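Written below as structure tokens is the structure these notes are about.
If you're wondering where the values come from, they're calculated on a predicted model, not measured in any experiment.
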Amino acid sequence: MSFSRDKTEIDEGDTVILYLSASNMHAFRVQPTIKNKHGELVENVFQTTYGALKVASLVGVKFGSKVQMSRGWAFVLQPNPELWTLTLPHRTQIIYTADISLIVFHLELRPGSFVVESGTGSGSLTHALARRVGAHGTVRTFDFHDQRAQIATEEFAQHGLSNVVQVACRDVSCDGFGEDVQGRADAVFLDLPHPWLVVHHAVAAFKLDGGRFASFSPCIEQVQKTVAALRENGFLEVTTMECLQREILVNNRTLAVASVETSDSKEPAGRLDERSQTVASDSSDKLELVCTNYQNTMPGHTGYLTFATLPPVWARNISSSACPSDPDGDDGGSAPVIETAGL
Amino acid sequence: MEIRESIKIGDYVVIQKQKYLKLHQLKARCDVMLGKDLVNLKAIVGQPFWTTFKMIQKKKKEFDLEVASEIESLPEAVMKDVQSGSDNRNITDDGKSQLLSTEEIEGFKESGLSAQSIVGKLIESSTTFHNKTEYSQEKYLKKKEKKYFEYIVIRKPTVRLLAEMFYSKDPHSVLGLRHDSIAQILSYANVQNSGTYVLFESGTQALLGSAILDCLDDQGRVISITTGRYPPKQAVVGMNFPEEKRAKSFLSVTLTDFLTSLEKRVSEESTNGVEEAVKLSNGEDGLVTQAVPSTAAERTGNEKATLNGIAQNVLPASTEDSKAADNGLIQEETSNSKKRKQEPDTINDCGTPALKKPRWQENLEIAKDALLKDGADSLIFASKEFPLPLILKMLDYLKPSHSLVVYSVYREPLVLIYNELKKKRKDVIGLHIFENFLRTHQILSDRTRPDVMMSASGGHILVGTKVLSS
RNA sequence: GCCCGGAUAGCUCAGUCGGUAGAGCAUCAAACUUAGAGCAUCAAAAUCUGAGGGUCCAGGGUUCGAGUCCCUGCUCGGGCG
């Protein structure tokens, strides 16, 4: 139940986020004892840069509280999909919040929606999907890697999401999404090496009303094949974009102001070496500024996001260029609107 | 599972003509301007969403609609048996390639010729078309198709379509809120299906309010704080939310009313010694000393002054201890409220007896109770105004371990807020300011590349997490 | 015994505000001061100002995709028992 909105304090078994600093966070489960190497139950003591924390002491503590450790302090936070994305144990490369947000928004998910995902990977996106569809919605997620599917299943259970998220081990490229999914999906998301092989399976998974499709691929060749498959299968509004999030860093800095004083306008100098002092040491000529800049390095590429709409089945054979199936044709400059996201 | 939802009078619909989107409420008299064309929408009533219509010209620039069973793609129709050149060495741009005159082409249009035959004639009379490369011909036809396109699709409004429509029409009309920013605001605010979300939004057509409302079921609500009594709510009304949902989950309150109501409640409770669920640490008497106007119009006029009023009180010294507001003024406000109760409801004015509470007052009470009882699940700000004073105030009502999200089209306001929160609030951690770089791509075989034009700015987002400071 | 964190310049370091392309020492250079020898230079010390010097410990693995992953080894630091 870790992610449940109604929760205000920590119970045994909850997953919590220990916030040491913005770049130093840990997620762990609140269990008073854990098994050591030899299989013996020992007291669960979580070690950090700022000393040790007896995990059992967290039970009953309110989320958002400051907790004391042997060499410092930390805040204990309730996990949410964003914090989880930053702290989850990686089994694969994961999708981060900038891309996740765009995917969830463009899939047009609503309370109660039925969404299909493959592959599950490390479950970073899955948590955000589950949050949006809610307790009455369904996330069906597939991964062809048995162990990954198992770990993900356990995590969703620990996070109280088992009634929303169902994991299955399945190679959807070969076998499709299965009969129990067929005709039920409002949205389909693919993060696979060969997404174009799955497009027709996705069509089968959608409701007769159609829905929204998204695919994440790191390489443009994958995108080309996927887009071609989408057009062949009657998808419209096919658009591809990439989104990079940049953080703006704020620093308060004191700058020395270049002095334009001449030796005549200055107070008579006592000794020569005083004259050689820099302006920086002259306390009257300092400027305090709030400065901003970017991180030194940032991811230059994550992946291309391709979105598309599958119209209702009865409208599919009208090859509706009224609702363009191309990504923004050409020079957006002359287009009346930059359709894709340009926006 | 297929449900063909048919279009009714009163519905908002999105009219899509290629990349052009327009939100329109269907009325009994249903003419709409699509660009320079006047289109009669009578034919769409009773049809399901996603129906494609052909525009049939009645008079010059006036069209009726007819359900289309198929659309002939212009490039496909025209490109049959057409030869192409291999490069452009023999093509010079001398402006003389098209043998038809403007008058002749206009004449074709007025005579009601189909797009296909007009473009056919253009190609016939072009001295260069057959020398163009295949790609170049395709591009030529796309341009012509855009000009002569005669089909529209009626779409059911979604937040995504509305966001794209507003932004493409004019980013300023929604404070530069690009879809990726909206998406991230919803993420960082951890908007779930239920909960109480406090939103201060202005200059955005209520796009965020609409986006949040769309995420909620009947257990969730948005407290939408606005500076005016009648804020633009185009994006909320345009979504065709059921009336019940809007009434229950979208609580629209004005800044002055809301703050006054919260202050009053807090001071009453503190004099009664009632333990508050959420403690208000910074009471500012500046708010209550403000004369409370008795009519909606007057209140609206005073909203900006109110925000400034808090600013003066909060900015210099926010650590001052709370002093309960002056009793006399509270009395005045209370009596004022009584007076208001007797006023006829300005919104649902249908001659009902004075006993029925107006909508705005019900909203106010529900919003206030929700906030005082449980606190806010997140705070979301996206306004033309500099929101810092209100942020500092509302932070006291935010649940611990929950998020604050502030959007601004400019970077500097967020930097100021960042600095103030860093310096003055020990109960906000994990502060970050983000901006997004978004690039779209043309995906065509052999011609894949980034789009030439990209959106230069999608705004900036500040996020933070409330904690218990003790 | 177990756990956590670090390792880039010749050397040594870098903070619970998201402070790891930031420094200090050392080196080199210039300026000035003081003292000496010499006669148009040489040279010592103190002060001050600059400059040069950076691609991230080693090995392995995982991910369609690693500039936000994991393991092992080496080494340094910290914590709990």
Could you please spell out the steps behind the side chain to side chain contact (heavy atoms under 4.5 Å, CB included) verdict for T126(A) and L161(A)? CA-CA 10 Å; T126(A) 321; L161(A) 298 171; over 6 Å; no
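- Residue I429(B) is out of contact with every strand shown, counting any heavy-atom pair closer than 4.0 Å.
- In this entry the base of rU20(C) is syn relative to its sugar, with a glycosidic angle within 90° of 0.
- In this structure, a donor-acceptor pair under 3.5 Å is present between the side chains of T440(B) and D451(B).
- Nucleic acid contact class of E247(A) (heavy atoms, under 4.0 Å, all strands): base.
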Given Watson-Crick and G-U pairs under 3.5 Å, RNA chain C in dot-bracket ([ ] crossing, | other strand) is ((((((...((((........)))).(((.(.((.((...)).)).).))).....(((((.......))))).)))))).
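- G303(A) comes within 4.0 angstrom of nothing in the nucleic acid, heavy atoms only.
- Side-chain contact check for Q184(B) and D180(B): no donor-acceptor pair (N or O, by modelled atom type) lies under 3.5 Å.
- Going from the P atom of rC70(C) to that of rA51(C) covers 39 Å, rounded to whole Å.
- For residues 48-63 of chain A, every residue pair satisfying the side-chain hydrogen bond (donor to acceptor under 3.5 Å, both in side chains) rule, not counting sequence neighbours, is listed here: N24(A)-T49(A).
- Around the CD atom of Q147(A), the shell of radius 6.0 Å holds no more than 12 heavy atoms that belong to other residues, nucleotides or ligands.
- Comparing the P positions of rU27(C) and rA37(C) gives a spacing of 28 Å, expressed to the nearest Å.
- Listed by chain and residue number, Y294(A), E435(B) satisfy the side chain to side chain donor-acceptor pair (under 3.5 Å) test with R246(A) (two or more places apart in sequence, or in another chain).
- rU47(C) and rU68(C) have their P atoms separated by 46 Å, with the value rounded to a whole Å.
- Contacts of F46(A) with the nucleic acid, taken as non-hydrogen atoms under 4.0 Å apart, are absent.
- Not a single donor-acceptor contact under 3.5 angstrom links the side-chain atoms of Q47(A) to the base of rC2(C).
- Rounded to whole Å, the separation between the P atoms of rU49(C) and rC32(C) comes to 16 Å.
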